[in-house]
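Here is the structure we will look at.
A note on names: the letters A, B, ... follow the listed sequences, proteins ahead of strands, and every chain is numbered from 1.
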Number of protein chains: 2
Amino acid sequence: MRTPDLSSRQLRAFTALADQRNFTHAAQTCHLSQPAFSALIATLESALGARLFDRDKRSVQLTPEGRLFEGAARRLLEDMGSALESLASHVELRQGRVRIAALPSLAAGWLPAVFAEFMHAWPGITLELHDALSDACIALVRSGQADFALAVPGAGAALSDLRTRRLCADGFHLVCLPGHPLVGETRLTPAKLAHWPFIQMTRNSSVRQALDAALHPLRLNTVFEVEHLATVRGLVEAGLGISVVPALTLFHFQGAVVTRPLPLPSLQRSVHLVQRKGASLSVAAQALHGLIVERMGNRVLD
Amino acid sequence: MRTPDLSSRQLRAFTALADQRNFTHAAQTCHLSQPAFSALIATLESALGARLFDRDKRSVQLTPEGRLFEGAARRLLEDMGSALESLASHVELRQGRVRIAALPSLAAGWLPAVFAEFMHAWPGITLELHDALSDACIALVRSGQADFALAVPGAGAALSDLRTRRLCADGFHLVCLPGHPLVGETRLTPAKLAHWPFIQMTRNSSVRQALDAALHPLRLNTVFEVEHLATVRGLVEAGLGISVVPALTLFHFQGAVVTRPLPLPSLQRSVHLVQRKGASLSVAAQALHGLIVERMGNRVLD
DNA sequence: GCGCTTTACGCTGCGCGTAAGTATC
DNA sequence: GATACTTACGCGCAGCGTAAAGCGC
């Protein structure tokens with residue numbers, strides 16, 4: 001009794017009758033038989049504990065209480081409608097936002113093309129991209145600031161609260177000057193790289209971690225540890241050493257240096273999709289996630 | 001499908017589950033068995049076309065769409081609640097307004113005491129009083145500016161769109177100076193008044209109309225036609241004539257003039273309650289209407 | 001094994017439409 | 001008698017509770 005139930009059907013019936021002031025017509029509007037409609041109004045009146053309409057034979061009119069309720073009823077229906085509309089427009093991908101975190105190499109590599117396709121298909125969806133190193137990407141997912149991440153989880157990271165899915169892999173490539181002896185090698189192996197001055201990425205980069213894991217326990221002749229691939233390129237170009245980088249980053253190395261694929265299955269960097277385990281993705285995020293899987297799933301880039 | 005039905009039960013179930021994140025507990029909150037509650041949520045999700053909760057075994061959480069809907073759901077419930085509360089407070093006379101039109105004689109006579117009683121019983125109800133002549137009172141009712149009127153409908157007035165109910169009657173009283181010959185009359189009759197200089201109210205006053213109707217075709221010796229009873233009193237007091245006024249207006253004549261009842265059943269003014277025929281009264285107006293009938297119904301004032 | 005949700009399954013009763021009733025013009 | 005709302009009545013199905021079955025931990 002304290003909180004009578006109220007349904008949108010009742011509210012619609014009420015406003016229809018308030019509009020038309022005729023049970024028969026309002027019943028048709030609500031796709032009900034007239035007696036059923038009558039009962040619906042009667043139920044509403046009884047639930048509210050107030051007579052809402054005067055049925056003075058020949059004319060139906062709102063009572064003062066009915067007029068009082070009318071405004072509220074219309075407002076409720078409108079709010080209900082816009083809430084449903086908003087939800088529907090998100091479900092139907094007319095509206096929404098996806099926040100994604102990705103490694104800089106992916107963010108600069110194939111991701112833009114997928115974004116473009118997605119944005120063309122769903123122009124109402126706003127995409128937000130954080131390009132960050134793997135750990136930062138995963139932290140963004142964990143904190144809920146990103147819906148999912150494209151990253152290369154390090155070996156030691158705790159991922160029990162996350163769902164990770166292998167998406168695709170990057171082959172690694174040798175980078176050196178055109179005249180370097182390794183360019184002519186027919187069968188490049190890790191061991192053959194070990195002697196040469198080697199330019200590394202910093203230890204927290206996914207490139208470095210993948211490389212360390214793949215070459216372990218081989219020791220390289222590290223001469224530099226730098227943050228940016230552009231720096232690697234500059235150092236190689238200056239003849240100060242060689243390096244090994246994932247296929248996805250090769251766009252940094254077009255021009256004065258040469259690159260050679262290292263055809264080693266063990267020497268691959270696996271890109272993972274990372275999301276929170278308990279929480280599902282929004283419809284929009286699912287759609288982008290799906291498109292990414294569709295376009296890049298199980299690819300190996302060389 | 002275009003406009004899914006939404007009930008307050010569903011919204012309450014939704015918010016309960018969003019709050020408690022546990023089907024079993026939320027079901028208890030809603031006084032439902034757990035399976036029934038589960039089905040209720042499932043129905044809602046299906047109606048909205050979106051999954052609202054992640055049931056990831058061990059933990060229930062809102063999906064992104066669920067979070068989107070949560071705000072709207074809570075707002076809807078709150079608005080619904082306040083609409084119901086407002087309606088209830090009107091029905092239960094904690095809130096409201098009654099606009100009443102009444103003849104000045106009633107407005108100054110017994111009406112204030114009834115108002116005082118009503119306002120004491122229902123302090124939340126605002127009373128609005130228009131004191132006006134009968135025709136104006138009736139016009140206010142007809143235009144909806146007054147809920148009902150206390151008036152003395154003239155003989156010729158068209159009242160087919162109004163519901164009138166006789167409330168009570170006023171006897172008429174002679175008003176003259178203390179030493180006047182009529183004061184000693186044992187049996188006052190209209191004919192005995194005819195010779196004396198007579199002070200009339202204007203023709204559109206209900207006093208005058210009742211008097212004219214009752215005395216017809218007797219011709220009085222009219223020496224003044226005035227608007228206000230206070231003027232009548234002044235003129236009588238100055239010895240310029242006699243007058244006849246309803247019992248309700250006698251409070252104007254205490255002091256230097258004397259009054260004598262005219263014991264003629266035909267010489268009565270019937271006070272009517274007037275309201276619109278098609279439209280019912282608000283609960284508050286009904287309450288005041290009822291109190292007025294209770295206190296004054298079928299009284300004859302002498 | 002325990003806690004929690006879902007599935008299965010009768011059963012009650014709400015709410016529907018048809019048809020008859022009633023009242024006003 | 002025409003119109004419009006209410007009452008009567010039988011019926012189907014939505015929605016309930018009980019009981020049993022998944023499913024992680």
**Message:** Quick check on contacts: within residues 14-23 of chain B, what sits under 4.0 Å from DNA chain C by heavy-atom distance?
**Reply:** N22(B), F23(B)
Set of side chain to side chain contact (heavy atoms under 4.5 Å, CB included) partners for [X], sequence neighbours left out:
| X | value |
| --- | --- |
| A285(B) | V98(B), D147(B), F148(B), L281(B), S282(B) |
| R55(A) | F23(A), I41(A), E45(A), R51(A), F53(A) |
| A151(A) | S134(A), C137(A), I138(A) |
| S33(A) | P35(A), A36(A) |

Please tabulate the protein-to-nucleotide N/O contacts below 3.5 Å involving nucleotides 16-18 of chain D, giving atom names and distances.
| unit_1 | atom_1 | unit_2 | atom_2 | d |
| --- | --- | --- | --- | --- |
| dC16(D) | OP1 | R9(B) | NH2 | 2.7 |
| dG17(D) | OP2 | S33(B) | N | 2.8 |
| dG17(D) | OP2 | S33(B) | OG | 2.7 |

**Prompt:** So does T24(B) get a side-chain nitrogen or oxygen closer than 4.0 Å to the phosphate oxygens (OP1/OP2) of dT5(C)?
**Reply:** yes
**Request:** Give a yes/no on whether any side-chain N or O of R55(A) is located under 4.0 angstrom from OP1 or OP2 of dT6(D).
**Result:** yes
**Request:** Return the set of residues passing side chain to side chain donor-acceptor pair (under 3.5 Å) with S280(A) (not counting sequence neighbours), or none when no residue passes.
**Result:** D54(B)
Distance in angstrom units between [X] [atom1] and [N] [atom2], rounded:
| X | N | atom1 | atom2 | result |
| --- | --- | --- | --- | --- |
| D5(B) | dC13(D) | CG | P | 18 Å |
| D54(B) | dT5(C) | CG | P | 13 Å |
| I41(A) | dA4(D) | CD1 | P | 17 Å |
| Q28(B) | dC4(C) | CD | P | 10 Å |
| F53(A) | dT6(D) | CZ | C1' | 16 Å |

**Prompt:** Quick one: ring pair (Phe, Tyr, Trp, His ring centres under 6.0 Å) partners of F115(A), sequence neighbours excluded?
**Reply:** none
**R166(B): salt bridge (Lys or Arg N to Asp or Glu O under 4.0 Å) partners, not counting sequence neighbours** = none
**Message:** Within the 3.5 Å criterion, strictly below it, is a donor on R12(A) or S8(A) matched to an acceptor on the partner's side chain?
**Reply:** yes
